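Here the structure is laid out as structure tokens; the discussion comes afterwards.
Order of the sequence lines fixes the chain letters, A, B, ..., with proteins taken first and strands second; residue numbering starts at 1 for each chain. Keep in mind that what you see is a predicted model, and the values were worked out from it rather than measured.
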Amino acid sequence: MSEIYPTGQMDPFIRTALDRAEIVRDLYRRVSKVERPEGWLPISIVCPACGRVGTTLARDWDGATVAFECLPNYVTWAAGCGTAGRITPFGGAAKLPWNLEWAAQWSLLGVTIEPCGKDLATAGGSRDRSDALAREVFDREPPRNLAYEFLNIGGRKMSTSKGRGAAAHEIVEVVPPEQLRLLFLRPRPNQAIEFDPDGTDAIPRIFDEFDRLAGAAAGAEVKGELPADADRIFRYALLDSAADVAAEAGRYRPAFSHLALLAQIPGTDVAARVAAEKGSALTDEERAILGLRLAAVRGWLDAYAPERARIEIQRDGLPAEAAALGEDQRAWLGAFARAAEAGPPSSGDGWQALIFEVASAAALPAGRAFGALYVAFLGRTNGPRAGWLLASLEQTFVVERLRAAAGWRHHPDGEPGGTGNSGGPGKPGGPDTHDTAEAAR
RNA sequence: GGGCCCGUAGCUCAACGGUAGAGCGGGGGACUCUUAAUCCCUAGGUUCAGAGUUCGAAUCUCUGCGGGCUCACCA
């Protein structure tokens, strides 16, 4: 705005404001209960000597010039230089006070609608003053207003003692532009946006919602209900709202939570995995999307993710959750330990194949086999692709842990547990497993 | 003290006058290389409370309670 003053375009409004200074004064008093001194003029002179704006006081408008003085003690935050004199307040020599400038802009630019934040829209606030100024000083209906709400970051202050606050620049690091736009577009404008990324799945969720809208825009069937304006919301969430929506919507976007897993497995070529899951090579655009998401994922895991999103190899010992393992799973783990020791696979694929192979031989459903592995190594019933997880660990640790998990026994009544009902068709395992069990105790 | 927004299933929200819904989570099930994936089933919430308007209210009005934000000047 400040570059408009020198062009002279604001001059007519400055003149009007000065001519109607009494109306402005009265209006401030009426609308906002702000009392201006007698003879006050709605103008801020730019001191020709020191260039300060806030330190000057103007009076005595004669239709061509005003008297001004740059006062040392007018405001507390700056000291004027003491210059005084008369000046023509046009062409950049002076500025209008905020509320008048706002109202003048509406006339200058022909604004018909201008939403504003609720801090300005409060009763007797800036918006009320500018509206009244437009009507009474510039003889114009103010533009249509629409007060919008704020974005709250989980009720947290901007900077927390832990340094994991929610300053804008920090959020931007974890939420890429298009997802951030979606965050603002989705709720109604008069509704405050509660965004609490800390320890929640708020960030993954906004990615998922974005992907869901993309899916819908691409014509795919998506789960759940869609908002009435789903296609428009998606279009305007895009950085370039003139972009080819269908093309954008059709791009392959790996799910955030899935990437969060892949990113936590050491030695994984995430791009290769994602391409394999897509079924074809990634396009340049998709590579860019992946890069952005991976950065977001890492930032999220680093600063915001809840504990349950972090996977961690339980190095210290067999997780307590292993108590819940079934007999069939223990037997399988024992067999798998032997197979792994006899012929350790060298790759994630190899491990993955071995898991299925041994599970098949033991007639154990794959789901239970995988579940047993996750419990043994992560202390949870699910996790990232087990083959690659095992491939990232040392051979001896893997075998050792498998044996320990196979031998863990709840053992409430002293019954050794070798009831034989786990043998079944699965030859491998049986006796060895039980021996291991005894040894482990 | 004034203004605005919100209070609906564990969580995030949708329905904005016409039989309370979705996603996620939770629970159950399926799946021999998909394994926080995918698919199927399931949850039963006095819609903050009270009063009013209406044939009918989560939805409109009023009051109360609770939560959040905002309000000199300057820009």
Using atom names, set out every protein N or O paired with an N or O of nucleotides 29-31 of chain B below 3.5 Å, distance rounded to 0.1 Å.
none

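- Two residues, A:Arg186 and A:Leu261, neighbour RNA chain B, and the one matched to the more 5' nucleotide by heavy-atom proximity is A:Arg186.
- Residues A:Asp328 and A:Trp332 fail the side-chain proximity criterion, which asks for heavy atoms closer than 4.5 Å.
- For the P atom pair drawn from B:G23 and B:U42, the interatomic distance equals 12 Å after rounding to whole Å.
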Residues 6-13 of chain A side chain polar contacts: donor-acceptor under 3.5 Å, at least two apart:
residue : atom : partner : partner atom : Å
A:Thr7  : OG1  : A:Ile4  : O            : 2.5
A:Thr7  : OG1  : A:Gln9  : N            : 3.3
A:Thr7  : OG1  : A:Gln9  : NE2          : 3.2
A:Asp11 : OD1  : A:Gly91 : N            : 3.0
A:Asp11 : OD2  : A:Gly91 : N            : 3.4

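- In this structure B:G18 sits in a base pair with B:C55, meeting the Watson-Crick or G-U test at under 3.5 Å.
- Here the separation of B:A9 from B:A22, taken at their P atoms, is 14 Å to the nearest Å.
- Remark: B:U38 base-pairs with B:A30; criterion is Watson-Crick or G-U wobble with both hydrogen-bond distances under 3.5 Å.
- B:G1: Watson-Crick or G-U partner is B:C71, with both key distances under 3.5 Å.
- When every heavy atom of A:Ala202 is checked against every heavy atom of A:Pro197, the shortest pair comes out as CB-CA, 4.2 Å.
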Side chains of residues 32-45 of chain A: which donor-acceptor pairs under 3.5 Å do they make with residues two or more places apart or in other chains?
residue : atom : partner  : partner atom : Å
A:Ser32 : OG   : A:Gly124 : O            : 2.9
A:Ser32 : OG   : A:Arg129 : NH1          : 2.8
A:Glu35 : OE2  : A:Arg29  : NH1          : 2.8

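- With C1' as the reference atom, B:G1 and B:G10 are 38 Å apart, rounded to whole Å.
- As rounded to whole Å, 11 Å separates atom P of B:C4 from atom CG of A:Asp128.
- Contact check, A:Gln352 against B:U34: no side-chain N or O comes under 4.0 Å of OP1 or OP2.
- Comparing the P positions of B:A49 and B:G7 gives an interatomic distance of 13 Å, to the nearest angstrom.
- Between A:Ala94 and A:Pro89, the shortest heavy-atom distance links the atoms CB-O, 3.7 Å.
- For the pair A:Phe336 CZ and B:C33 P, the computed distance is 17 Å after rounding to whole Å.
- Counting heavy atoms of neighbouring residues, nucleotides and ligands inside a 6.0 Å radius, atom CZ of A:Arg135 exceeds 12 of them.
- Salt-bridge annotation for A:Arg298 and A:Glu173: absent, with no side-chain N of the basic residue lying under 4.0 Å from a carboxylate O of the acidic one.
- A distance of 6.0 Å or more separates the ring centres of A:Tyr304 and A:Trp300.
- Here B:C11 presents its C1' atom at 16 Å from CD1 of A:Ile203, a figure rounded to the nearest Å.
- Judged purely by distance below 3.5 Å, without hydrogens or angles, the side chains of A:Glu101 and A:Tyr5 pair a donor atom with an acceptor atom.
- Counting only heavy atoms from C-beta outward, the side chains of A:Leu318 and A:Arg401 approach each other to under 4.5 Å.
- Annotation: B:A43 and B:G50 have their C1' atoms spaced 31 Å apart (nearest Å).
- Summarising the geometry, the separation between CG on A:Leu183 and P on B:C13 is reported as 10 Å, rounded to the nearest angstrom.
- Listed by first then second residue, pairs satisfying side-chain hydrogen bond (donor to acceptor under 3.5 Å, both in side chains) with a partner in residues 66-79 of chain A number zero, not counting sequence neighbours.
- Taking atom P in both B:U47 and B:A20, the straight-line distance is 11 Å, to the nearest Å.
- As a whole-Å value, the separation of A:Arg368 CZ from B:C33 C1' is 19 Å.
- Atom pair A:Arg127:CZ and B:C4:P shows a separation of 16 Å (rounding to whole Å applied).
- Using C1' as the reference atom, B:C31 and B:G25 are 22 Å apart when rounded to the nearest Å.
- A:Asp229 has its CG atom 13 Å from the P atom of B:A14, to the nearest Å.
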Between the protein and nucleotides 21-24 of chain B, which nitrogen or oxygen pairs are less than 3.5 angstrom apart?
residue : atom : partner  : partner atom : Å
B:G21   : O2'  : A:Glu225 : OE2          : 2.6
B:A22   : O2'  : A:Glu225 : N            : 3.1
B:C24   : OP1  : A:Lys223 : NZ           : 3.0

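- Across the C1' atoms, B:U63 and B:C11 are found 31 Å apart, a figure rounded to whole Å.
- Atom CZ of A:Arg251 has more than 12 heavy atoms from other residues, nucleotides or ligands within 6.0 Å.
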Listed pairs, N/O of protein and of nucleotides 70-75 of chain B, under 3.5 Å:
residue : atom : partner  : partner atom : Å
B:C73   : OP2  : A:Arg129 : NH2          : 3.2
B:C74   : OP1  : A:Arg36  : NH2          : 3.1
B:A75   : OP2  : A:Trp98  : N            : 3.2
B:A75   : N6   : A:Trp98  : NE1          : 2.6
B:A75   : N6   : A:Ser126 : OG           : 3.2

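- Computed from coordinates, the A:Tyr252 OH to B:A37 P distance equals 13 Å when rounded to whole Å.
- Checking A:Ser126 against A:Trp98 by side-chain atom types alone, a donor-acceptor pair falls below 3.5 Å.
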